[in-house]
Amino acid sequence: MRELKLMKGNEAIAEAAIRAGVDGYFGYPITPQSEVMETLMAEKPWETTGMVVLQAESEIASINMVYGGAGCGKRVMTSSSSPGVSLMQEGLTYLAGAELPCVVVNVVRGGPGLGTIQPAQSDYFQSVKGGGHGDYKLITLAPASVQEMADFVETAFDLAFKYRNPVMILSDGVIGQMMEKVELKEFKPRWTSEYIEENHPWATTGKKKDRGRNIITSVQLESSVQEAFNHKLQNKYQQVEASEVLFEEVLCEDAEYLIIAYGSSARICQKSVELAREKGIKVGMLRPITLYPFPVEQLQKYAKQVKGMLSVEMSAGQMVEDVKLAVNGAVPVEHFGRFGGAVHSPGEVVEALEQKLIGG
Amino acid sequence: MKEEIIIAGFGGQGVLSMGKILAYSGVMQDMEVSWMPAYGPEMRGGTANVTVILSDERISSPILHEYDTAIILNQQSMDKFEKDVKPGGTLIYDGNGITRHPERTDINIFRVDATEEAARMHAVKTFNMIVLGAYLKVKPLVKMENVIAGLKKSLPERHHHLIPMNEKAIDQGAQIIKEVSLVE
C-alpha cells in the first residue's frame with residue numbers, strides 16, 4: 001500500500017535523504033529551513049542507515065564538511081537559506097572546481113542582507129549564474145510541491161554523480177513551510193566502499209597498489225592547464241544543457257500568452273491561468289523544473305506561437321533575463337512579481353497580465 | 001468539490017494545529033490537501049493564520065486572495081479577512097473580544113462562542129476543537145471518523161489519551177454554533 005504522509009517541504013527533504021541512502025548531512029539552522037535538520041535529528045538515521053547528521057559551527061564549516069565527504073565519494077548534502085547560502089559560495093566554487101558531486105538545498109527567503117524570513121525567489125542569479133568566482137555552473141532544480149521536495153533529493157544526487165558537479169535544489173519559504181500529501185519512496189541502502197571504488201574511481205578512498213594517487217583539488221597554477229580544464233568543464237555543461245532540461249507545460253497548446261514561473265510562483269500562477277481562462281484570456285504556463293539548464297528551446301518554440309510572455313517570480317526580475325535571452329526579441333517579455341518576502345496572489349498575476357501584455 | 005479556508009486568530013489559540021487536523025482529516029478521506037501558514041517572527045499573542053485547501057482535484061495555488069470560508073478568532077483577523085470571503089461564502093467567528101461584528105450581507109455568517117464554552121468546560125486547550133466542530137457542522141466535508149483519524153495522526157502518541165476530550169469538544173462546537181445571517 002502507498003504510504004501517504006502530510007508533511008512540510010523541509011521535513012520531506014530530510015525523510016527523502018534518509019530513504020535515498022544519503023551518507024551525510026552537515027548544516028547550520030536558519031529560518032525558513034530549520035526543519036530539515038530538526039527532522040534528521042529527530043529521526044536519528046545514524047542508528048538505522050548509518051547516515052551522519054552533524055550541526056556544524058557555521059555554514060562555512062558545513063559546506064567544507066560537504067567538500068570532505070564528497071571527496072571520498074560519499075553522498076553528502078547541506079541545506080540553508082539565503083544568507084547562509086551566501087556564506088557557502090566559496091565552498092561551492094571549490095566543489096565545482098574540484099568536480100565534486102554534492103547536493104545543496106536553498107530554501108530562499110527575502111534579501112538582500114539578513115533580509116526577512118518570508119519566502120522569496122531572489123537567489124535565482126546566485127544559483128544559476130554562479131554565486132562564487134570562476135566559470136562554473138550549478139545544476140539547479142526548482143521543486144514546486146512537497147512531493148517534488150522529496151523526489152528531487154534522489155534526482156539531484158543522480159545528476160551530481162553523473163556529472164561530478166554540485167546540484168542546487170532551489171526552493172523557497174512557501175514550499176519549505178507548507179504541508180501537502182507526500183508519497184515516500186522505499187528505503188535504499190547506502191553505497192558500500194566497494195561500490196564507490198568501482199563506480200567512482202576518482203574518489204579518495206585510499207591508494208591501491210595498482211593505481212596512482214587520487215588527488216582532489218581545484219588549484220592549477222599553470223594557466224594552459226587551467227584553460228584546458230575550463231574547456232573540459234564547459235564541455236560538461238554543454239552536455240548538461242543538451243540532455244538534462246526539465247519543464248512542465250500547463251494549458252500551452254492554444255495559448256496566446258505565456259506565463260513563465262517556477263517553484264511556488266508556478267503554483268500561484270497555475271491558479272492565475274485558471275482565473276484568466278474563466279475571463280476568456282487564452283494563457284498557458286511553462287514551468288522550468290531545471291533552472292540551469294534552462295528550457296531555451298521550448299521558449300523559442302512558444303515565441304512563434306504567443307503574443308507575449310510574462311515571467312512571474314518573487315524577485316525584482318531575474319529569470320526574466322534568461323527568458324529574454326532565449327526568445328531574443330521575438331516577442332515582448334515582461335516581468336511581474338512581489339518581492340522582499342511578499343508573495344503575489346493569483347489575482348494580482350492576472351491583473352499584471354492584463355496591464356502589461358494584453359492592455360498594452 | 002473544493003473548499004478554500006482561512007483560519008485566523010492569535011498565536012497560541014491553536015490556529016495552525018486546527019488547520020493541520022483538518023488537513024489530515026482530508027488526507028484520511030483521500031482528498032488533496034494543502035496547509036500553508038503565514039509564518040513569521042510570531043509568538044503567543046501575535047497574529048497567526050493558515051490557509052487550508054481540501055479538494056477532489058490537484059491543488060494549484062496554496063496561497064489565495066479569496067476564500068470559501070473564513071474562520072475568524074480575533075478582531076485583527078476580522079478587519080483583515082472579512083472582505084476576502086467570496087460572495088456567497090461563509091464566515092464563522094468567535095464573539096470573544098470582537099468589537100466590530102461582521103457587516104457583509106452577501107455571505108453566510110455564523111457565530112461560535114468557543115472561548116466562553118472552553119472556559120465553561122474547564123478545558124481551554126480544546127478551544128480550537130470546539131471551533132473545528134462548529135465549522136464541520138456548517139461544512140460537513142469530512143466524516144467524523146476521518147477527523148478522529150486525522151487527530152490521531154496529528155497528535156504525538158503521548159497525547160492520544162486526550163482524544164476523547166477533543167472529540168467531546170468537537171461535538172460541543174457543533175451544538176453551540178449559531179446562525180447570524182444567511183444570504184437571501
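- Distance alone, capped at 3.5 Å, places no donor-acceptor pair between the B:E117 side chain and the B:I176 backbone.
- Atoms CD1 and CD1, on A:I18 and A:I13 in that order, are 12.0 Å from each other to the nearest 0.5 Å.
- When each of A:G173, A:P32, A:S264, A:S145 is scored by its heavy-atom pairs under 4.5 Å with chain B, the top score falls to A:G173.
- With a 4.5 angstrom heavy-atom cutoff, A:I175 does not touch chain B via any of its atoms.
- Using a 4.5 Å cut-off on side-chain heavy atoms (C-beta onward), A:K8 and A:M178 make no contact.
- Residue contact with chain A, scored on non-hydrogen atoms closer than 4.5 Å, involves the backbone and the side chain of B:I59 alike.
- For chain A, the nearby part of B:M31 is the backbone; its heavy atoms alone come within less than 4.5 Å.
- Counting heavy-atom pairs closer than 4.5 Å to chain B, the top-ranked of the candidates A:Q270, A:Q177, A:K5, A:M179 is A:M179.
- None of A:S171, A:S81, A:S82, A:S79 except one satisfies the side-chain hydrogen bond (donor to acceptor under 3.5 Å, both in side chains) rule with A:Q33; the exception is A:S79.
- Counting heavy-atom pairs closer than 4.5 Å to chain B, the top-ranked of the candidates A:S265, A:C269, A:P119 is A:P119.
- The local environment of NZ in B:K168 is sparse, with at most 12 non-hydrogen atoms from other residues, nucleotides or ligands closer than 6.0 Å.
- Both the backbone and the side chain of B:E32 come within contact range of chain A, judged by heavy atoms closer than 4.5 Å.
- Within the 4.5 angstrom heavy-atom criterion, no atom of A:V273 approaches chain B.
- Partner of A:K279 under the salt bridge (Lys or Arg N to Asp or Glu O under 4.0 Å) criterion, out of A:E274, A:E354, A:E351: A:E354 alone.
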